[in-house]
Amino acid sequence: MTHENTINSNYFSISIEELSNPQSFTLQQLFDALETNTSSGILGDSNDLYRRRNSFGSNNNFSSSSVKKKSFRELTLEAFKESTFILLFCCVVLSLVIGIKRDGLQEALFDSVIIFLPIFFVLNFSVTFRFFKERWISKRRLSRKKKVIRVLRHQQLLQISSSEVVVGDIVLLESGDHVPADGILIQGNSYKFDDGSTSHDLVLPREQLHHVLFNHTKLVEGSCQLLVTAVGENKERIKLMKCVTRFQNNGHECYSKVQKSIDEMSSFLDKLSLSLSLIILVVEVFRCFLWNKSWCCDKDGDPKGVKNTMEEIMNEATKYMRRRRGENYGTNKVNGFVAMVCILVFSLKDGLSLGMFIVLLYASKDMKKNDQIIVHNLPSCANGALVTTLCLSKTSDFVVNYTTLVDLWIGFEKINDLSVFSGGARDFTDEVRNTLLEGIFMNIIGHVDEDALLIWAEKMFGENIEQFHGSCSILNLENYYPNKGLCGVLLKRNKEEIGEFLHVHWKGEPKLVLSMCSNYYDINNGTMQTLDEEKRELFNRKIASIIVSNGVHCFGFAYKQVIRSSPKEEEKENGTIITKDGLSFLGIVVLKNPYSPELRRMIEVCRKSGIEIKLMVDDDLNTSRLMAINSGILRIEEDLQGSIIEAIEFRKSPKESQINMCHKIKVMANCSPADKLLLVNCLKKRGGHVAATGSSIRDLPSLKEADVGIFFGKNCADLAKEDADITIVDSNFGMCA
């Protein structure tokens, strides 16, 4: 009976499915449904614990117990059924027949046993190693020290093992503790969390509670209380790991393609060599029984050519290795040792696998020389060369620092601190701020960098485009940007009385915008200054220096308030003409690439190598596009329909559509760990060789599913060893170059 079938949620008014999204409930609703509170906790007697474990499960970690382990006897019997062993057995039988003919029954039996025993041990060496390795890993996991945590039960503070935690428990965490199960943050004091992600530390203000925390998240600073909402196999990580197991059981090989190729080639060579040996032995049988015995043996009693041929092969191999190592090693002992190594490597059943193991071991040592790369799975050293698709999660160098995304110039002054808009001449700075934002949000020109500008304005000023579009009406829009580098808009503010003022905004190339202006804003004095020829020349030089020093795109902004009855306005069929003279120069917005040259160079190297890169992030659609374009993952000509997609759209598509559309996706926004796992699985189903990166414990299931899983950062090292193939200690993807 499966775990799910044993769950009975009739004891409580909330189900496991509902608890999978605890943020859809208020804290009080959760307390009432789970019969707990912050003052006394759960009742905690045997009957209460039974109800909770029966309803929501126990906090035992998902392990390989769900997959039946084969006994040593079963593994050995499987080995005996292999075609390689059958061929070897035939060779032993034929050798026995030849031996009986040559030396008699007793001597032949003795020789056959001597031959059979090494074959038996060689064939079962890998079986024995695998058997004891699995048992050792299981024993090691079980013998790990149980972590003790503090919980509140029946108004008493108890210390229990983390495996005894139940849903509804109030867990008290101190600095250095790990979250024992998934839950909701309910109380705390100056706390800081580390979820294993190198991209950020989760720092929450005291008033921001009701935040979901996941198993293995570490409390770095402070103290807090946690309401447990999921334990055992209902924790997010465990459910995703079960999906990985299900994917592998539904047709995906657990072994890498390199390992599979090595095994196939090794098996082919084994069968080929053994078949040739079998043919030779059959010929020897015919020689011994159908022709004269002297044809079968030379004067030393050795089958013709066998001994001499083997000696020649080993001698040539020894000479070659001596030449490679130098003649100073030419003693008889070393010669014998080299010959023995050659015999062992090329006579073992897994000789090719052993040789590849040695090669990959040396490759992994080369990767470790810079002390930044740790290889957990040796075949991943070779798998990296086969990668066709790279699924990137957000590492620390992918995080957008909005404060450095844009340089803002008001007049001749560069605004390094936007708090200037909250001090000084308050009325003036508020006017400049609101006018600038109105020009940004309402005057949309369709430039590729405009997303970055809009995102910066929203993040840094706390405003959004919907508010401005709701408060203003566009009377006319003149977009000359593609040809002339200018775009103008005529607005009417809805809150103003009809017939009073209209508002003109121009945006475009700074020099062109400046040419239409007669005034500029002086942020230091809080006044409007006249723009004479001398100051105009200073502005032009400033604009040139900004462009040369930054090498990025710049927008100039200008504004004018006009009276509707002004004689300069002429009515036309399509609206009102937008004035182009007498404007006030607001300032310059300089857009910069937020990413380091190392990151962009690394992505370019991957693209030139033929690796298709896909970005999987939990940011919104516009921010995700900004990240992809600025990093080089998405080029302008590639920004087509289907290249950027919301994760929910992909998740709700039919299975066949998911597989068909996954290769077109360049960016997946609002992506959860389950969405990342789904995308990696679909890419593998299409036949690609997929690598995935991650820097959080929540990313590990997708790393395990990928052909090559790369974990960034040194946090959660124990978990990364189990699920990732490679750990890169540096948290920056760009530093991989």
Side-chain angles (χ1 to χ4, degrees), residues 406 408 410 421 430-510 512-521 528 553-589 591 620-622 625-626 639:
V406 166
L408 175 62
I410 301 295
F421 289 108
D430 282 350
E431 179 188 353
V432 174
R433 172 188 181 275
N434 294 333
T435 304
L436 178 64
L437 289 176
E438 189 176 73
I440 292 174
F441 288 132
M442 300 302 296
N443 196 3
I444 307 297
I445 61 178
H447 191 271
V448 65
D449 291 326
E450 203 160 35
D451 280 343
L453 183 60
L454 295 173
I455 292 171
W456 170 80
E458 289 183 344
K459 298 292 184 181
M460 299 307 297
F461 290 98
E463 305 287 352
N464 62 71
I465 192 171
E466 288 81 8
Q467 291 179 346
F468 276 85
H469 276 267
S471 62
C472 299
S473 299
I474 297 177
L475 300 180
N476 193 15
L477 179 67
E478 296 182 7
N479 188 356
Y480 307 117
Y481 194 87
N483 299 321
K484 299 182 180 180
L486 286 172
C487 181
V489 65
L490 181 66
L491 303 175
K492 178 177 70 69
R493 294 174 183 168
N494 297 334
K495 64 180 180 180
E496 294 178 344
E497 294 183 7
I498 298 176
E500 289 189 357
F501 299 105
L502 298 178
H503 305 273
V504 176
H505 288 273
W506 281 94
K507 176 169 68 174
E509 298 294 338
L512 295 177
V513 174
L514 185 66
S515 65
M516 299 187 295
C517 298
S518 57
N519 302 288
Y520 73 95
Y521 285 87
M528 186 80 69
H553 194 82
C554 301
F555 289 113
F557 289 86
Y559 166 77
K560 183 179 183 180
Q561 178 178 279
V562 296
I563 300 175
R564 194 177 186 88
S565 60
S566 172
K568 291 186 178 181
E569 294 183 84
E570 299 177 6
E571 295 295 329
K572 296 183 67 176
E573 294 181 359
N574 60 343
T576 306
I577 294 177
I578 305 175
T579 184
K580 296 180 182 179
D581 57 356
L583 301 172
S584 298
F585 192 68
L586 275 172
I588 304 170
V589 174
L591 296 177
D620 60 70
L621 203 63
N622 291 329
R625 178 184 283 106
L626 168 68
D639 191 3

Nearest atoms (heavy-atom pairs only) where [X] meets [Y]:
| X | Y | result |
| --- | --- | --- |
| V513 | K507 | CG2-C, 4.0 Å |
| S518 | G582 | OG-CA, 3.6 Å |
| L477 | C487 | CD1-SG, 3.9 Å |
| F585 | P510 | CE1-O, 4.2 Å |
| V562 | V504 | CG2-CG2, 4.3 Å |
| T579 | D581 | OG1-OD1, 2.9 Å |

Under 4.5 Å between any side-chain heavy atoms of [X] and [Y], yes or no?
| X | Y | value |
| --- | --- | --- |
| Y521 | E431 | yes |
| I474 | L491 | yes |
| K580 | L486 | no |
| L408 | W456 | yes |
| K560 | W506 | no |

Before giving the answer on side chain to side chain contact (heavy atoms under 4.5 Å, CB included), spell out for V589 and L453 the whole-Å C-alpha distance, their side-chain angles and the decisive distance to 0.1 Å. CA-CA 8 Å; V589 174; L453 183 60; 3.4 Å; yes
Please step through side chain to side chain contact (heavy atoms under 4.5 Å, CB included) for the pair F557 and H505, ending with a clear verdict. CA-CA 7 Å; F557 289 86; H505 288 273; over 6 Å; no
Measure up the Y559 and H503 rings against each other and bin them: parallel (under 30°), tilted (30 to 60°), perpendicular (over 60°). parallel
Looking only at atom types and distance, does a side-chain atom of T435 sit under 3.5 Å from a main-chain N or O of V432, one as donor and one as acceptor?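 No, because the side chain of T435 does not come within donor-acceptor range (under 3.5 Å) of the backbone of V432.
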N443 side chain to G439 main-chain N or O, any donor-acceptor pair under 3.5 Å?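 No, because the side chain of N443 does not come within donor-acceptor range (under 3.5 Å) of the backbone of G439.
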Working to the nearest 0.5 Å, report the span between CG of L583 and OG of S515.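 Taking CG in L583 and OG in S515, the distance rounds to 9.5 Å.
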